[in-house]
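Chain naming here is simple, since letters A, B, ... match the order of the sequence lines and numbering starts at 1 in each.
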Number of protein chains: 2
Amino acid sequence: MQAGYKQFCPVAMASEVLCTRWTIVLLRELVAGSNRFNDLRRGVPRMSPALLSRRLKELEAAGVLERRGNGKAHAEYHLTKAGQDLRGVVEAIGVWGQRWVEADLSLDNLDASLLMWDMRRSLNVDPLPDRRSVIEFHYEDQPTSRRSWWLIVEADGHVDLCSVDPGFEVDLFATTDLRTMTSIWMGLSKVKAERQSKTLHLEGDTGLAKHMQTWLGLSPFAVEKKKV
Amino acid sequence: MQAGYKQFCPVAMASEVLCTRWTIVLLRELVAGSNRFNDLRRGVPRMSPALLSRRLKELEAAGVLERRGNGKAHAEYHLTKAGQDLRGVVEAIGVWGQRWVEADLSLDNLDASLLMWDMRRSLNVDPLPDRRSVIEFHYEDQPTSRRSWWLIVEADGHVDLCSVDPGFEVDLFATTDLRTMTSIWMGLSKVKAERQSKTLHLEGDTGLAKHMQTWLGLSPFAVEKKKV
DNA sequence: CGGGATCCGTAAAGATACTG
DNA sequence: CAGTATCTTTACGGATCCCG
């Protein structure tokens, strides 16, 4: 780790721990509930595994998280109390970003895999029927390998994400482009408006289609309004 | 700046702006009210002027601050609305630091110049008499050049800081070591206790001495309790 | 397959000196 | 006062490889 700021101020001391590259984004994943190395990687796909490994060690040394499991196998990373208390910091940064970062700048960084991984996490399963529901997303602007995605909501509320056809009967097809879906998920536009402007097309179960804005949980920051 | 995180998430977008080295500490200075290049330098003395200059340009490009003054001379940096809204982020980080960073770790980073500069800023002038008050601090453990400091509170409430004897009559002498004074200012110990344990010695105006804990404004984070 | 470590090229930051 | 210029050191990115 670099030499530090040499300031007794708590802002500086905390920044030594928090304000290194990737650290806050990684903490967002931990706060959101990911615990395994490869789950964390899915949330920070552009971070090298070497740096991820190093950051995890640094955060453990700083008392932010705890590594469970003695061997290499099945290690889990869990936030300590100090780590859980970082939720406020991550939220403050996210709220500021949602308020002040130009939407167009955010929407220049589209990533289907990341969007689906996030959507899986915050799906609101309550309004869904008491049986398995399968929703297929089709992003027509994406290369083949990232074009089709399946969200599978089991009867017990567990949500799975697939990028290869799981073979189940699909209850709802959503055909759109990645920018539109990301925009909806970030709270920048609405399902209804995108359907009307034909940028989002839904086919299948009409009940599921009608309540998409409800069961599709949005980004935790979607409620925050843009400022100028 | 390097390529960025390539994530649409507002936490990641904001982190690209905020979580680079020195940036949060610099923003603390701006939020605290410094506007001039060399005033900012006093708050971040270990940051090279080259990096300070670069960060100021980056923050201007990000819409966080605005540079006023067309030529080089007398330039001022002022937070925009987006920048002022970062106060919440800086506070969240500082509160976390005060709660969770070991006090001993903070107190390994003593800096007399920085402490006095901060104390000058948050002095509570209301309980002071309606004439000029001069308080001399003497840190016996410091090298000669950083040993003696004068805080001069003018009748109108304006506070000046000197590291060379300004020649005024001194109303109160405080003799202590830097760690003790820093600890008091961070809210980790009290004037009364340090006087009783003889680590802080006050001489001069007894009224001024008696109310030191009151007129000595503490760090903005001093009210936050340490956690375990 | 999960959980890393290693190596090397590039990019950022530190130190110090200097200038319009 | 408000910055540049230059050189060295450190951190990061990306690919590859390893091991239980």
Side-chain angles (χ1 to χ4, degrees), chain A residues 1-7 12 15-26 29-30 34-62 65-78 109 111 117 162-164, chain B residues 1-7 12 15-27 29-30 34-62 65-78 109 111 117:
Chain A
M1 170 65 188
Q2 51 213 119
Y5 299 120
K6 303 278 177 61
Q7 296 200 1
S15 295
E16 287 186 20
V17 176
L18 306 175
C19 296
T20 51
R21 190 153 164 77
W22 282 110
T23 303
I24 288 289
V25 186
L26 171 58
E29 289 302 301
L30 286 157
S34 288
N35 301 112
R36 307 290 294 271
F37 193 88
N38 283 321
D39 281 352
L40 292 168
R41 285 196 69 179
R42 296 189 72 165
V44 289
R46 321 248 332 171
M47 185 181 191
S48 80
L51 188 57
L52 172 56
S53 174
R54 193 179 135 189
R55 287 284 183 267
L56 289 170
K57 281 172 187 156
E58 288 168 1
L59 290 174
E60 187 180 12
L65 57 81
E66 180 192 11
R67 190 199 144 111
R68 295 184 192 164
N70 31 12
K72 268 194 171 183
H74 302 283
E76 293 200 357
Y77 300 91
H78 288 265
N109 295 317
D111 183 324
W117 182 247
C162 296
S163 60
V164 292
Chain B
M1 168 67 190
Q2 49 213 124
Y5 299 119
K6 302 278 178 60
Q7 295 199 1
S15 295
E16 287 186 20
V17 176
L18 305 175
C19 295
T20 52
R21 191 151 164 77
W22 283 109
T23 303
I24 289 289
V25 186
L26 171 57
L27 283 166
E29 289 302 301
L30 286 157
S34 288
N35 301 112
R36 308 290 293 271
F37 193 87
N38 284 321
D39 282 352
L40 292 168
R41 285 196 70 179
R42 297 189 71 167
V44 287
R46 320 246 333 170
M47 184 181 192
S48 80
L51 187 56
L52 172 56
S53 173
R54 194 179 135 188
R55 287 285 182 266
L56 288 169
K57 280 172 188 155
E58 287 168 1
L59 290 174
E60 187 180 13
L65 57 80
E66 180 191 13
R67 190 200 142 111
R68 295 183 193 164
N70 30 14
K72 264 196 171 184
H74 301 282
E76 292 199 358
Y77 299 90
H78 288 265
N109 295 317
D111 183 325
W117 182 247

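- Looking at residues two or more places apart in sequence or on another chain, you find no side chain to side chain donor-acceptor pair (under 3.5 Å) involving N109(B).
- The CG atom of L65(B) sits 12.5 Å away from atom NZ of K57(B), with the distance rounded to the nearest 0.5 Å.
- Taking side-chain N and O atoms only, W22(A) has a distance below 4.0 Å to OP1 or OP2 of dG13(D).
- Scored by the side chain to side chain donor-acceptor pair (under 3.5 Å) test, E60(B) finds no partners at all (sequence neighbours excluded).
- Look at R54(B) and you'll find a side-chain N or O under 4.0 angstrom from OP1 or OP2 of dA13(C).
- In this entry the distance linking CG of L51(B) with P of dG14(C) reads 6 Å, nearest Å.
- Contact annotation: S53(B) side-chain N/O to dT4(D) OP1/OP2 distance is under 4.0 Å.
- If you measure from atom CG of L56(A) to atom C1' of dA5(C), you get 14 Å, rounded to the nearest angstrom.
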Please list every donor-acceptor pair under 3.5 Å in which a side-chain atom of residues 36-47 of chain A meets a protein atom from a residue at least two apart or in another chain.
from   : atom 1 : to     : atom 2 : distance (Å)
R36(A) : NE     : A75(A) : O      : 3.4
R36(A) : NH2    : H74(A) : ND1    : 3.1

Dump the pairs, protein N or O against N or O of nucleotides 15-20 of chain C, anything under 3.5 Å, distances to one decimal.
none

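- Note: CD (E58(B)) to C1' (dA11(C)) measures 13 Å, nearest angstrom.
- The interatomic distance linking L40(A) (CG) with dG4(C) (P) rounds to 10 Å, in whole Å.
- The listed nucleotides are dA11(D), dG3(C), dG4(C); the one nearest the side chain of N38(A) is dG3(C).
- Looking at V25(B) and Q7(A), their side chains come closer than 4.5 Å, going by heavy atoms from C-beta outward.
- Taking 4.0 angstrom as the limit, R67(B) places a side-chain polar atom (N or O) nearer than this to OP1 or OP2 of dG3(D).
- An end-to-end axis angle of 40° holds for the helix from dC1(C)-dG20(D) to dG20(C)-dC1(D), taken from five base pairs per end and rounded to 10°.
- For dG3(C), the OP1/OP2 oxygens have no side-chain nitrogen or oxygen of R41(A) closer than 4.0 Å.
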- Query: Going through the distances and angles, do L56(A) and Y77(A) end up as a side-chain contact (heavy atoms from CB on, under 4.5 Å)?
  - Reply: CA-CA 8 Å; L56(A) 289 170; Y77(A) 300 91; 3.7 Å; yes
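- Scanning for side-chain contact (heavy atoms from CB on, under 4.5 Å) contacts around S48(B) gives A50(B), L51(B), with sequence neighbours left out.
- For K57(A), whose side chain is taken as the heavy atoms from C-beta onward, the closest listed nucleotide among dC12(D), dA5(C), dA13(C) is dA5(C).
- In this structure, R36(B) does not reach the dC1(D) phosphate: none of its side-chain N or O atoms is under 4.0 Å from OP1 or OP2.
- Residue Y5(A) has no polar side-chain atom (N or O) positioned under 4.0 Å from OP1 or OP2 of dG14(C).
- Taking CG from L30(B) and NE2 from H78(B), the interatomic distance works out to 10.0 Å, rounded to the nearest 0.5 Å.
- Between the C1' atom of dA2(D) and the CZ atom of F37(B) lies a distance of 6 Å, rounded to the nearest Å.
- One interatomic measurement links the two molecules: CD of E76(B) to P of dG3(D), which rounds to 11 Å at whole-angstrom precision.
- Straight-line distance from the CG atom of D39(A) to the P atom of dG2(C): 9 Å, rounded to whole Å.
- Scanning for ring pair (Phe, Tyr, Trp, His ring centres under 6.0 Å) contacts around W22(A) gives Y5(B), with sequence neighbours left out.
- Legend: residues meeting salt bridge (charged side-chain N to carboxylate O under 4.0 Å, His left out) with E66(B), ordered by chain and number and at least two apart, are R68(B).
- If you measure from atom CE of M47(B) to atom P of dG3(D), you get 13 Å, rounded to the nearest angstrom.
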